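Here the structure is a predicted model, which is why all the values come from computation and not from measurement.
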Amino acid sequence: MAGLRFETRAIHAGQSPDPSTGAISTPVYLTSTYVQDGPGGHKGYEYSRSGNPTRKALEENLASLEGGRFGFAFASGLGATATLLHTLSSGDHVVAGDDLYGGTYRIFERVFRQTGLDFAYADPRDPERIRAAIEPGKTRLVWVETPTNPLLKECDLARVAAICKQAGVLLAVDNTFMTPYYQRPLELGADLVVHSTTKYLNGHADVVGGAIVTSDAALAEKLAYFQNAIGAVPGPLDCFLVMRGTKTLALRMERHTANATRVAEWLERRAEVERVIYPGRGGMVTFVTRRGLDHAVRLLKAVSVFACAESLGGVESLIEHPASMTHASIPREVREQVGISDGLVRLSVGVEHVEDLIADLARAFSAADQQGPHLE
């Protein structure tokens, strides 16, 4: 696949026609084990926790799209996160961005802190704050999202990568929001890229999965061991569904961006909206309603094309309230300190006709306004 462009690799990397039948789509190998000619006489596969041909095709596809050498698929994004954290040891220190997916914060604070890992948080918009949070001889990993979830803070990955290299610390980047179509962290100096493949890579809201990609052979060897030892691996049908999604990733991301740009511009003209946050790429838009929690809740109940639901990145447009949904596991004082207010609303703008999306939001705002006090 060397030399081929992104859109071509999305369709072909890791996926050759089946040699036995000529099938153009990668077969779904629904098997738990593989017949051997004798002890150790297998054909590359022994047991499907350790390896499966459908999973291998997905892992090669994702590695190619991220510009990495080694890909690893998992049963969920948090399965990928947990496996990576298990490669650390008790007493190790992790620096993370201060605005994170709620599930990531939960697994850091309520699961892995109990195993002896220590965590510190810094605003990823300022690389010097990340530098200051690194403890020489103790910090082993820096973890950032860019844009962050849900406040869409952006991080200068090249600068952070340089800081990590100087300190001898690994840099892992959650690239779920941007996808490799818009951002390839390994090319900017990151050591690891992590994904919830549930989101844009799959793109159809019908599978849960995760992935890690790296170009470091030593890291890959360790990850392969822990992936097999822990066993948080996806089934072959899930892998097939993610691969079906990556084939259209470029097309979908362009439409997500076009729609989200229009929606963000429309929101900026609404008197009820205090602030709109949109990084200019991708389908994620966050805004703050001037009237707080009650107005936000009424708005989410009034939509009909947008669906009030957690998750993101599918072809369907979703709307959610981070403080009571995706980020409810984060303590209120931490949410408020970061800026996740009760009036914050997150949109995952899908690929429907944009005029229908805007009309739906207009109806929802009108309904929410009529049910509450009028804006002065």
Side-chain angles (χ1 to χ4, degrees), residues 62 66 74 76-85 94-109 112 119-127 129-130 133-134 141-161 163-164 169-201 209-214 253 256 260 277-286 310-313 320 322-323 325-327 329-330 334-335 337-340 344 346-348:
L62 297 180
E66 281 289 2
F74 296 89
S76 68
L78 285 171
T81 302
T83 301
L84 175 54
L85 291 176
V94 177
V95 175
D98 64 355
D99 179 33
L100 294 170
Y101 164 54
T104 302
Y105 182 86
R106 180 177 57 226
I107 203 171
F108 284 0
E109 289 295 322
F112 278 91
F119 297 89
Y121 301 91
D123 190 332
R125 294 172 296 187
D126 184 355
R129 294 193 180 187
I130 293 177
I134 292 174
L141 177 70
V142 169
W143 177 289
V144 295
E145 300 173 359
T146 180
T148 62
N149 182 2
L151 295 174
L152 304 179
K153 298 178 181 179
E154 295 184 273
C155 172
D156 186 336
L157 286 180
R159 284 185 60 194
V160 172
I163 289 170
C164 290
V169 174
L170 295 175
L171 173 60
V173 179
D174 184 335
N175 201 29
T176 298
F177 274 20
M178 280 292 97
T179 82
Y181 183 68
Y182 282 130
Q183 176 175 269
R184 288 178 288 279
L186 297 179
E187 296 176 2
L188 298 171
D191 300 287
L192 302 134
V193 178
V194 183
H195 279 278
S196 169
T197 58
T198 309
K199 313 304 193 299
Y200 287 108
L201 294 180
I212 302 175
V213 177
T214 186
M253 292 310 295
H256 283 299
I277 311 169
Y278 179 59
R281 298 178 299 170
M284 303 307 298
V285 178
T286 298
E310 297 190 2
S311 198
L312 59 102
E320 68 105 5
M325 295 173 70
T326 54
H327 292 69
S329 62
I330 299 176
V334 177
R335 292 199 308 265
Q337 182 179 0
V338 173
I340 303 175
L344 187 75
R346 192 190 74 181
L347 302 178
S348 174

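Under the rule for a side-chain hydrogen bond (donor to acceptor under 3.5 Å, both in side chains), the partners of R184 that lie at least two apart in sequence or sit in another chain are E187. Residues satisfying the ring-ring contact (aromatic ring centres under 6.0 Å, His included) test with H256, not counting sequence neighbours, are Y200. Residues passing the side-chain hydrogen bond (donor to acceptor under 3.5 Å, both in side chains) test with E320 are T326, R346, sequence neighbours excluded. F108 pairs by the ring-ring contact (aromatic ring centres under 6.0 Å, His included) definition with F119, W143, not counting sequence neighbours. Listed by chain and residue number, F6 satisfy the ring-ring contact (aromatic ring centres under 6.0 Å, His included) test with Y181 (two or more places apart in sequence, or in another chain). Legend: residues meeting side-chain contact (heavy atoms from CB on, under 4.5 Å) with T176, ordered by chain and number and at least two apart, are D174, H195, S196, K199. Residues meeting the side-chain hydrogen bond (donor to acceptor under 3.5 Å, both in side chains) test with R281, sequence neighbours left out: none. With sequence neighbours left out, the side-chain hydrogen bond (donor to acceptor under 3.5 Å, both in side chains) criterion links E109 to R113, Y121. With sequence neighbours left out, I277 forms a side-chain contact (heavy atoms from CB on, under 4.5 Å) with L152, R275, T286. Remark: R129 engages D126 in a salt bridge (charged side-chain N to carboxylate O under 4.0 Å, His left out) (not counting sequence neighbours).
When all heavy atoms of P147 and P279 are compared, the closest pair comes out as CG-CG, 3.9 Å. The heavy-atom pair separating G339 from L151 by the smallest distance is O-CD2, 3.6 Å. Here the closest heavy-atom approach between residue V95 and residue A133 is recorded as CG2-O, 3.5 Å. The two residues R335 and A323 make their nearest non-hydrogen contact at CZ-O, 3.6 Å. Counting all heavy atoms, side chain and backbone alike, I107 lies closest to A82 at CD1-CB, 3.8 Å. Closest heavy-atom contact between L100 and I330: O-CD1, 4.1 Å.
The closest donor-acceptor contact from the side chain of Y101 to the backbone of E145 lies at 3.5 Å or more, if one exists at all. Under a 3.5 Å cut-off, the side chain of S76 and the backbone N or O of G209 do not form any donor-acceptor pair.
Interatomic distance, CD1 of I212 versus CG of L84, reported as 5.0 Å (0.5 Å rounding). In this structure, CD1 on I130 lies 11.5 Å from CZ on R125, to the nearest 0.5 angstrom. Rounding to the nearest 0.5 Å places CG of L171 at 8.0 Å from CG of L192.
The shortest side-chain heavy-atom distance between P180 and L201 falls under the 4.5 Å cut-off. Inter-residue side-chain proximity for P124 and T146 is flagged as unmet; no heavy-atom pair is nearer than 4.5 Å. Residues H327 and P150 meet the side-chain proximity criterion, which asks for heavy atoms closer than 4.5 Å. Side-chain contact check for L85 versus L141: some heavy-atom pair is nearer than 4.5 Å.
Counting only residues at least two apart or on different chains, the salt bridge (charged side-chain N to carboxylate O under 4.0 Å, His left out) pairs with a member in residues 95-108 are D98-K153.
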For residues 154-161, which side-chain donor-acceptor pairs fall under 3.5 Å, sequence neighbours excluded?
from: D156; atom 1: OD1; to: A158; atom 2: N; distance (Å): 3.4
from: D156; atom 1: OD1; to: R159; atom 2: N; distance (Å): 3.2

